[in-house]
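Here's the structure we're looking at; comments come further down.
Note that these values count all heavy atoms, side chains included, but never hydrogens, waters or copies made by symmetry. In what follows, chains are A, B, ... by sequence order, proteins preceding strands, each numbered from 1.
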2 protein chains.
Amino acid sequence: MSLPHAILTALLERPSSGLELTRRFDRSIGYFWSATHQQIYRELGRLERSGRIRALESARPARGRKKEYEVLPAGRAELTGWVSGREDPKPVRDPLLLRMRAAAVVGADGLPDELRRHLALHERQLAEYTDIEARDFTRGAEVSGPDGPTEADRLRHLVLRAGIDLERMWVEWLSEALRETGTATAAPAAPAGPDGV
Amino acid sequence: MSLPHAILTALLERPSSGLELTRRFDRSIGYFWSATHQQIYRELGRLERSGRIRALESARPARGRKKEYEVLPAGRAELTGWVSGREDPKPVRDPLLLRMRAAAVVGADGLPDELRRHLALHERQLAEYTDIEARDFTRGAEVSGPDGPTEADRLRHLVLRAGIDLERMWVEWLSEALRETGTATAAPAAPAGPDGV
DNA sequence: ACACTTTATGCAATCAGTTGCACAAAGTGT
DNA sequence: ACACTTTGTGCAACTGATTGCATAAAGTGT
């Protein structure tokens, strides 16, 4: 149930049309809650019908005509309530880890290649995040006013750092996994003595 | 599309009934792919109909009668194919991060409490994982034969360590987030000079 | 014998997310 | 004038996951 809230947040930051939202989801917000344009349009329709957002009057509604939305008080209230509520972290669901577990049973054929591929993807994502950090969250970047970062700046930076920490974790773990499985399949390590070091 | 493969893996490790599977999913496998008993029963039905598993003959089929399944060659082949295939990591979808982003817009009221709550949950999960590691993956534990850990042991250990690394990352990030938002709401930090260190 | 609890299996409805496609307007090249 | 591309909006069908409920057998206490 997070998509409507993601959209409300984005619209509060700046009123947008469906396509603009879609593009913004491909960048900032979508890093933590991705959505396709179809999902977004459907949700915009629901939010409008339930009185949480409304279309700016400018354009008469017609297919293919740009339609911008803004958040109504009911929408802001809804979002505030959601932020201050409770929601448990969902259990991890990771197909790669599952596949490694299956590989322990049916054999790890071709797994190192897949690990390398994932490593490259996570390295790329990490680089993207650190670029954003360097651009938006270093001393002197435009988001920092003369009084230093605002509360909002600090929160946004924290969110970005969660992404960075997460990607770094995967990069490190995948590197270690490659060290262990890569060498193992290529040349089985000489087993240590039964009770030795 | 991972649930059937998770079930096949579990059944290869040991033939089980639906309820036994459900319990095993609450422990090992479910740490990385959780599932309810309803999902599992439905999937067992599908897997049986498609000839990937079969019920052990012993018990005649009846509601409330235990029914054990074992994997057929077609099931093992299916699993092998899945393991050696490619599958991109899914983009992150984390409601907590989204809520922090929303908090940057509508205010972070009550957020520190929620962060503390999540911190406690992740610390608990981390402790659970490290317990398992101490029990199953230290020199001398029963899974290690006289020749040291097998390839399968090493893979399973890697999967567990991914869980450990992940939880550790959250514990550290949440601690840092609390340090920043906790103090920030209580007493705004004195801003550094505009161009200072 | 009876009610109560535990173990076990399963259906049906719903919901969120994904995929595939269609439609409309405006701009671009020839 | 015409075809082609880009921008923008949207529906419909499907799939996977969740929630709520129903059923059946076996064990337990009185």
Side-chain angles (χ1 to χ4, degrees), chain A residues 1-8 10-11 15-26 29-30 32-50 53-56 58-69 82 87-95 98, chain B residues 1-8 10-11 15-26 29-30 32-50 53-56 58-69 82 87-95 98:
Chain A
M1 272 266 302
S2 299
L3 180 57
H5 302 107
I7 290 177
L8 287 171
L11 287 182
S16 306
S17 68
L19 197 64
E20 277 166 2
L21 275 180
T22 304
R23 291 204 178 115
R24 291 172 61 196
F25 265 73
D26 286 341
I29 301 174
F32 308 106
W33 201 273
S34 60
T36 62
H37 70 108
Q38 289 91 338
Q39 277 176 280
I40 289 170
Y41 281 118
R42 186 171 27 159
E43 206 57 50
L44 282 172
R46 279 182 201 157
L47 286 167
E48 190 179 23
R49 261 175 272 125
S50 67
I53 63 174
R54 77 166 164 209
L56 294 178
S58 62
R60 67 206 166 287
R63 242 197 165 169
R65 300 288 297 170
K66 194 163 134 181
K67 206 171 157 191
E68 291 215 308
Y69 292 95
W82 182 67
E87 197 177 335
D88 285 350
K90 290 238 188 78
V92 176
R93 265 207 186 149
D94 191 306
L98 202 58
Chain B
M1 274 270 300
S2 298
L3 180 57
H5 301 107
I7 290 177
L8 287 171
L11 288 182
S16 306
S17 69
L19 196 64
E20 277 166 2
L21 274 181
T22 304
R23 292 204 178 115
R24 291 172 61 195
F25 265 72
D26 286 341
I29 301 173
F32 308 106
W33 202 272
S34 60
T36 62
H37 71 107
Q38 289 90 339
Q39 279 176 277
I40 288 169
Y41 281 119
R42 185 171 28 157
E43 207 56 51
L44 283 172
R46 280 183 199 154
L47 286 166
E48 189 179 24
R49 263 175 270 125
S50 67
I53 63 173
R54 79 167 162 205
L56 295 178
S58 61
R60 67 207 167 286
R63 245 195 163 168
R65 299 289 295 171
K66 196 163 133 181
K67 205 169 156 190
E68 291 215 307
Y69 293 94
W82 182 67
E87 197 176 335
D88 284 349
K90 289 238 188 76
V92 176
R93 262 203 189 153
D94 190 307
L98 203 57

- When all nucleic acid strands are considered with a 4.0 Å heavy-atom cut-off, which category describes Ser17(B): base, sugar-phosphate, or nothing? sugar-phosphate
- Item | Working for side chain to side chain contact (heavy atoms under 4.5 Å, CB included), residues Ile29(B) and Leu98(A) | CA-CA 8 Å; Ile29(B) 301 173; Leu98(A) 202 58; 4.0 Å; yes
When the distance from [atom1] of [X] to [atom2] of [N] is rounded to whole Å, what number comes out?
| X | N | atom1 | atom2 | result |
| --- | --- | --- | --- | --- |
| Glu43(B) | dC11(C) | CD | C1' | 15 Å |
| Leu44(B) | dC11(C) | CG | C1' | 15 Å |
| Asp26(B) | dA8(C) | CG | P | 14 Å |
| Tyr69(B) | dT9(C) | OH | P | 8 Å |
| Glu68(B) | dT7(C) | CD | C1' | 14 Å |
| Arg93(B) | dA17(D) | CZ | C1' | 13 Å |
| Tyr41(B) | dA22(D) | OH | P | 18 Å |
| Gln39(B) | dA13(C) | CD | C1' | 15 Å |

- Applying a 3.5 Å limit to both distances, which nucleotide forms a Watson-Crick or G-U wobble pair with dT30(C)?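 Result: dA1(D).
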Phosphate OP1/OP2 of [N]: any [X] side-chain N/O under 4.0 Å:
| X | N | answer |
| --- | --- | --- |
| Arg42(A) | dA16(C) | no |
| Lys67(B) | dG10(C) | yes |
| Arg23(A) | dG8(D) | yes |

If you check every side-chain atom of [X], which of [options] has the closest atom?
| X | options | value |
| --- | --- | --- |
| Trp33(A) | dG8(D), dT9(C), dG17(C) | dG17(C) |
| Leu19(A) | dG17(C), dT7(D), dT18(D) | dT7(D) |
| His37(A) | dT18(C), dG20(C), dT9(D) | dT9(D) |
| Thr36(B) | dG17(C), dG10(D), dT19(D) | dT19(D) |
| Gln38(A) | dT18(D), dT9(D), dC21(C) | dC21(C) |
| Arg46(B) | dG10(D), dG16(D), dT9(C) | dG16(D) |

- Item | Worked check of side chain to side chain contact (heavy atoms under 4.5 Å, CB included) between Glu68(A) and Glu20(A) | CA-CA 9 Å; Glu68(A) 291 215 308; Glu20(A) 277 166 2; 3.2 Å; yes
- Report the C-alpha distance between Tyr41(B) and Leu21(B) in whole Å, list the side-chain angles of each, state the deciding distance to 0.1 Å, and finish with yes or no for side chain to side chain contact (heavy atoms under 4.5 Å, CB included). CA-CA 9 Å; Tyr41(B) 281 119; Leu21(B) 274 181; over 6 Å; no
- Query: Between OG1 of Thr22(B) and CD of Gln38(B), what distance do you get to the nearest 0.5 Å?
  - Reply: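 Thr22(B) OG1 to Gln38(B) CD: 8.5 Å, rounded to 0.5 Å.
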- Note on the structure: So CG of Leu44(B) and CZ of Arg49(B): to nearest 0.5 Å the spacing works out to 10.5 Å
